[in-house]
Asks: 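One structure, as structure tokens, below. Some questions next.
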Amino acid sequence: MTLSFQSLGLSETRIQQLEQVGFTAPTEIQAQAIPHLLAGRDVVGQAQTGTGKTAAFALPILEQIDPTVQAVQALILTPTRELAMQVCQAIREFNEDRRIKTVTIYGGQSIEQQISGLRRGAQIVVGTPGRVIDLLSRGALKLDKLTWMVLDEADEMLNMGFIQDVEKILNQAPADRQTAFFSATMEPSIRKLVAKFLRSPITVTVEQTKAAPNRINQVAYSVPRGWTKSRALLPILELEDPESALIFVRTRRAAAELTSLLQEAGHSADEYHGDLSQSQRERLLLRFRQQQIRWVVATDIAARGIHVDDLTHVINYDLPDSVENYVHRIGRTGRAGKEGTAISLIHSMDRRKLRDIEHHVRQRLEFKSIPTRAEIEGRYLEKLQGQVREALSGERMASFLPIVSQLSEEYEPHTIAAAALQMIYDKTRPAWLTMGSDPVEEEYTRSGVPKPKPVKRGGRAPSANPGNKRSSARATSSK
DNA sequence: AAAAAAT
């Protein structure tokens, strides 16, 4: 097992730059692929997202680009615009001094800007197939000096029907070049493409042990019969109080509606879906990443590819259509070794989907009951206590001591502290706690539906469908 | 119904 970038053959300057951006040791895919790529071999890399594959091809490319040649020397194709942007951003991170010029080209944005970027002597181009072909046919993008060609997420590219576009581009690249394909799977169509366009490639594979990474804490809330999901969501959000969250819904319309509802409840939320223009999407993601918005309500447009650092929660307001999308969705959190929480709202209609999901991720979701006001208040008071502890360890507190001395001529210190806490409580408590009654507790009482007890679910899922004998019969027939 | 990509 290789443990340092030095031993992979990267230059000292590159390694220093890597250290500056926090890269100390190579990931498995990097350790396996970089030496071959530096040695001039074609490589097929089988690896999922989040394994560090961008650096695996970006570092050798940066190492071997000739900075004195003002022509496109590397072309990286990605299936989505989002991914193109992210790859480009990553390359810029590894290329701090900007000696090597990188541009991104994709649809939905001004083509003139991209053309002028190419004219200024771009050496690395990252792009989506459609716009790349467009620019090739306009003559704005020339590949005659190309020495590197990379296909990122090749399987996705083919799934989305880009095979003809991709072949057209590969055919226009000089034969004397180095080529790398990265793909999560190795289906026959990929193998065919590899056989056609790569020269005696070396295949490197990184095993993915689990369908869902276990640093993501997966929980579910059962939505009582007759309840709307939004009614269940609000108290859950109050209790969990996510620092940042992606909330997934099924339709664009639902995204817009839920966003208004959250905004009306005083939350920092915005929507993200296919009705938004490319620049609107980019602006929103920027605000989300800069933590100007805490929660984003999105369709499955955000299930893959979008990366937000430190995303603490993914919430499945509607369950996804496919189990694969469940894994992609929750994979937006728990990135870069951080912990994340994935919450799913389960309606009685969703039992079947839930079982498929649990089967696919090979684990049971932990069920919790919708929090009551008392629970939310308890959690909030805990948080308040933590904040007081933090203030006690600070220094700014000293400036308030004269006030306390003055008040303590009349009152006990305990009383003064409690009064101060009450003031903070009144100003900062969640909106949910200011309502007259507890709608959750009330609803449980009124409807006669027993409040679900948090259940640790073992080998089978008995509590999911109490009294429903058909459930076990269906379990055997589902695949 | 939604998503991806060239307009």
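All values reported here derive from a predicted model rather than from experimental measurement. Below, chains carry the letters A, B, ... as their sequence lines are ordered, and counting in each starts from 1.
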Asks: Suppose the criterion is ring-ring contact (aromatic ring centres under 6.0 Å, His included): which pairs have a residue in residues 130-169 of chain A, not counting sequence neighbours?
Replies: none
Asks: Can you sort out the partners of A:Phe23 under ring-ring contact (aromatic ring centres under 6.0 Å, His included), two or more places apart, ordered by chain and number?
Replies: A:Phe94
Asks: Holding to side-chain contact (heavy atoms from CB on, under 4.5 Å), I want the full list of residues that pass it with A:Arg199, two or more places apart in sequence or in another chain.
Replies: A:Asp42, A:Asp176
Asks: Going by side-chain contact (heavy atoms from CB on, under 4.5 Å), name the residues that satisfy it together with A:Arg287, two or more places apart in sequence or in a different chain.
Replies: A:Asp270, A:Leu284, A:Gln292, A:Ile293
Asks: Can you give one letter per nucleotide of nucleotides 2-7 of chain B, going 5' to 3': B for a protein heavy atom under 4.0 Å from the base, S for sugar-phosphate only, - for none?
Replies: SSSBSS
Asks: Got a sec, which residues hit ring-ring contact (aromatic ring centres under 6.0 Å, His included) with A:His328, two or more places apart in sequence or on another chain?
Replies: none
